[in-house]
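Scope of the values below: all heavy atoms of this structure, side chains included, with no hydrogens, waters or symmetry mates.
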Amino acid sequence: MTRVGCAAIAVVGACLLTACGSSGGGDGPMATVITDRPTPITTAPSVPSATSAAPSTTATGAPTSTTAAPSSSAAAQADPQDYAGKAPGWYYFSSPSGKFECGIAVLESSIAGCHGSLPESAPEVLGSGASGTAVKPNSVQLIAGSPAKFESLGDPKFHRFDGPAAALPYGEVLTVAGSGSTNGLRCAVDEQTGVTCTDQVGHGFTVSDEDFDLR
């Protein structure tokens, strides 16, 4: 047992001496000790980001037309029967303001006219009861086919005696067909310009309590 132990010590000692001798000269290469294993670089392929902007689907609205939609130029038509008087061929209406009472008669000769608050600028006319004497008119009248004119009538023939005349709403047109192509009449009321009546050939009147136009 003692011999084996001594031999082992001798071998170890010899090895230490050999190692020391190799390093002591400084001419031999130094050993490189790698303590850590290199970590492989495993960069993953680039994946498109989930937040990448997809093609925009934001609604931009339907193309807006800059052309105004056509508006109907046809005025609302009043029903003549709503304004018919008891006498055949006669139709009566008033302005919504109550300033004018008007009538349309389509007989052998068609007539439209109004009584009411005529403007101060209306010219004087010959009085019905005093021939040759100029007086303020009390009516405006259109006989189809002739220019309209102011008159002084002894008989308020455009007033409805059998009951109140229905108001013709602003913007509606009361049209009464004549027996021919030239004697039909139509009337309407505008809040600003007043009552307008015309025949089929361009004659007519527009009258309010402030102004008038005869043609």
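Counting only heavy atoms from C-beta outward, the side chains of Y170 and S95 never approach each other to under 4.5 Å. Side-chain contact between L118 and F100 is present, with heavy atoms from C-beta onward closer than 4.5 Å. Two residues are said to be in side-chain contact when any heavy atoms from C-beta on lie closer than 4.5 Å; T206 and V195 fail this criterion. Contact check for I104 versus C187: side-chain heavy atoms found under the 4.5 Å cut-off. Side-chain atoms of L214 and H203, non-hydrogen and from C-beta on, never get closer than 4.5 Å to each other.
Classified by interplanar angle (parallel below 30°, tilted 30° to 60°, perpendicular above 60°), the ring pair F158/H115 is tilted. In this structure, Y92 and W90 have parallel ring planes: the angle between them is below the 30° cut-off, well short of the 60° mark.
Between C102 and C114, the two SG sulfurs come within 2.5 Å of each other, short of that mark.
Note that the CD atom of Q141 and the CD atom of E151 stand 4.5 Å from one another [nearest 0.5 Å].
When hydrophobic clusters are built by joining Ile, Leu, Val, Met, Phe, Trp and Tyr residues whose side-chain heavy atoms come closer than 4.5 Å, directly or via intermediates, V173 is not grouped with V207.
Around atom NZ of K149, no more than 12 heavy atoms belonging to other residues, nucleotides or ligands sit under 6.0 Å away. Around the CD atom of Q77, the shell of radius 6.0 Å holds more than 12 heavy atoms that belong to other residues, nucleotides or ligands.
A centroid separation of less than 6.0 Å is found between the aromatic rings of F212 and F150.
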